[in-house]
**Q** 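Can you read through this structure? Questions will come right after.
Throughout, protein chains are lettered first and strands after them, A, B, ... in sequence-line order, and every chain is numbered starting at 1. Remember, predicted model here, so these are calculated numbers, not experimental data.
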Protein chains: 2
Amino acid sequence: MSKKPASSLDPVEALRLDNQLCFALYGATNRMTRLYRPLLDAIGLTYPQYLAMMVLWEQSPRTVGALGDALDLDSSTLTPLLKRLEAGGLVERHRDPDDERRVIVALTDKGRALREQAAEIPEKLFCALDMPLDGVITLRERLKILAK
Amino acid sequence: MSKKPASSLDPVEALRLDNQLCFALYGATNRMTRLYRPLLDAIGLTYPQYLAMMVLWEQSPRTVGALGDALDLDSSTLTPLLKRLEAGGLVERHRDPDDERRVIVALTDKGRALREQAAEIPEKLFCALDMPLDGVITLRERLKILAK
DNA sequence: TGATATTAAATCGCACACGATTAAATCGTT
DNA sequence: AACGATTTAATCGTGTGCGATTTAATATCA
């Protein structure tokens with residue numbers, strides 16, 4: 001029973017894959033994306049597009065910057081994503097007349113209507129997760145701390 | 001105090017961003033990547049490349065398929081990544097003589113040597129995380145369950 | 001044996017992420 | 001007003017992820 005504590009400075013042990021939080025996070029993210037894919041395919045969204053739509057369903061219109069703050073993404077990622085949502089008729093983009101540097105993103109009727117079709121997704125995903133609710137909540141809260 | 005339980009079927013509440021495990025996971029993964037970046041830049045690896053190298057430091061050689069099982073990635077992602085590691089002189093790739101369908105990936109001396117430089121990364125990252133050790137361990141174990 | 005099925009990796013196309021740079025608009029200070 | 005600094009998106013290049021297809025090698029079984 002001479003097992004060293006998990007805070008061991010032993011570099012070999014420290015590098016083992018099983019010990020890595022990063023790897024657990026990576027695997028969990030991969031699985032989450034796979035679980036969402038069939039549900040999101042049905043409404044024609046990718047996973048990041050779905051997250052962006054959730055932000056907009058909470059509040060629209062929003063500037064690209066405000067969207068980026070909510071999603072922790074910058075314009076180099078968001079601009080092409082939003083152009084695809086625009087091409088799909090879900091959002092409109094136009095410069096803010098009060099400050100031409102800003103671009104305002106607003107849901108279209110079609111974008112708002114999509115919310116109804118998306119409404120069943122969280123419940124379906126929870127079932128697919130097959131994890132007790134309190135486990136999900138604990139995990140989510142710890143992840144929020146990690147995400148700062 | 002009439003707050004509904006978190007398992008509520010109310011679609012509006014269910015879709016709220018704050019309630020989404022997927023979003024917490026997304027944010028945590030983003031932050032983790034940002035924390036790793038400066039550490040990995042110093043040894044010339046990207047985050048997925050670092051994960052692949054960890055798998056190889058545990059056991060080399062391995063086939064592309066075995067690497068994919070460990071990382072939960074398929075050849076369409078791994079092949080280009082491995083070619084970049086090969087271009088950097090960290091691994092060698094060659095067909096398995098016993099089964100020409102397989103490709104064997106093996107660390108080079110340079111690839112093995114990199115392990116020493118990477119040895120300090122987990123400790124540095126743990127410090128950057130600023131989360132108590134038991135919190136990290138609990139989180140990691142719950143994520144492993146999620147990743148199945 | 002020989003036709004067919006299966007397996008393993010590579011290839012291709014699309015959609016992120018993100019660092020670095022660019023371009024335009026606004027702000028701040030004098 | 002004027003000019004440099006800052007802010008905001010967009011653009012560009014590199015590196016993932018992954019579904020779908022392709023190619024080559026091996027396995028299966030009539």
**Q** For A/Thr33, answer base if it contacts any base atom (sugar-phosphate contacts may also be present), sugar-phosphate if it contacts only those atoms, and nothing otherwise; contact means non-hydrogen atoms under 4.0 Å.
**A** nothing
**Q** May I have the distance from A/Glu86 (atom CD) to C/dA15 (atom P), rounded to whole angstrom?
**A** 15 Å
**Q** Both A/Arg84 and B/Leu78 contact DNA chain C. Which one's nearest nucleotide lies toward the 5' end?
**A**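 The residue mapped nearer the 5' terminus is B/Leu78.
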**Q** Distance check needed: D/dT16 C1' versus B/Leu71 CG, whole Å only.
**A**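 So the CG-C1' distance, B/Leu71 to D/dT16, works out to 13 Å.
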**Q** For the residue pair B/Ile43 and B/Ile121, establish whether any side-chain heavy-atom pair is separated by less than 4.5 Å.
**A**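 They are in side-chain contact.
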**Q** Indicate whether OP1 or OP2 belonging to D/dG15 is found under 4.0 Å from a side-chain N or O atom of B/Gln49.
**A**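 The answer is no; no side-chain N or O of B/Gln49 sits under 4.0 Å from OP1 or OP2.
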**Q** Can you tell which of D/dG17, D/dT11, C/dT11 lies closest to the side chain of A/Thr79?
**A** D/dT11
**Q** Can you tell me the distance, in whole Å, between the CZ atom of A/Arg102 and the C1' atom of C/dT26?
**A**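 Those two atoms, CZ and C1', are 10 Å apart.
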**Q** Side chains of B/Val103 and B/His94, heavy atoms from C-beta outward: is any pair under 4.5 Å?
**A** no
**Q** Does any part of the side chain of B/Leu125, heavy atoms only, come nearer than 4.5 Å to the side chain of A/Leu21, both counted from C-beta?
**A** no
**Q** In whole Å, what is the span from the CG atom of A/Leu81 to the C1' atom of C/dC14?
**A** 13 Å
**Q** Respond yes when some side-chain nitrogen or oxygen of B/Thr29 is under 4.0 Å from OP1 or OP2 of C/dA17, and no when none is.
**A**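 The answer is no; no side-chain N or O of B/Thr29 sits under 4.0 Å from OP1 or OP2.
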**Q** So does A/Arg93 get a side-chain nitrogen or oxygen closer than 4.0 Å to the phosphate oxygens (OP1/OP2) of D/dA10?
**A**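 Affirmative; the distance criterion is met.
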**Q** Do the charged groups of B/Arg62 and B/Asp69 touch, with an N to O distance under 4.0 Å?
**A**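 Looking at B/Arg62 and B/Asp69, the cut-off is not met.
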**Q** Are side-chain heavy atoms of B/Leu45 and B/Tyr36 found at a separation under 4.5 Å?
**A** no
**Q** Rounded to the nearest angstrom, tell me the gap between atom NZ in B/Lys83 and atom P in D/dT14.
**A** 17 Å
**Q** Could you tell me whether B/Lys144 and B/Glu141 have a side-chain N and a carboxylate O separated by less than 4.0 Å?
**A**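 Yes, this pair counts.
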**Q** Give a yes/no on whether any side-chain N or O of A/Tyr26 is located under 4.0 angstrom from OP1 or OP2 of D/dG17.
**A** yes
**Q** Look at B/Arg95 together with B/Glu100 and state whether they make a salt bridge at an N to O cut-off of under 4.0 Å.
**A** no
**Q** Kindly work out whether a path of hydrophobic side-chain contacts (I/L/V/M/F/W/Y, heavy atoms less than 4.5 Å apart) joins A/Tyr47 to B/Leu143.
**A** yes
**Q** Take atom CG of B/Asp98 and atom C1' of C/dT7, then tell me their distance rounded to the nearest Å.
**A** 16 Å
**Q** In this structure, how many angstroms lie between the P atom of D/dG15 and the CG atom of B/Leu40, rounded?
**A** 14 Å
**Q** Determine, for nucleotides 19-25 of chain C in 5'-to-3' order, which nucleotides have protein heavy atoms under 4.0 Å from the base (write B), from only the sugar-phosphate (write S), or from neither (write -).
**A** BB----B
**Q** Is there a side-chain polar atom (N or O) of A/Thr46 under 4.0 Å from OP1 or OP2 of C/dC16?
**A** yes
**Q** Between A/Asp96 and A/Tyr47, which has a closest nucleotide on DNA chain C that is more 5'?
**A**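 Looking at the nearest nucleotide for each, A/Tyr47 comes out on the 5' side.
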**Q** Can you check the B/Asp72 CG to D/dT16 C1' distance for me, whole Å?
**A**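 Whole-Å distance recorded here is 15 Å.
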**Q** Quick check on DNA chain D: between B/Pro48 and B/Pro97, whose nearest nucleotide comes earlier from the 5' end?
**A**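 The residue closer to the strand's 5' end, by nearest nucleotide, is B/Pro48.
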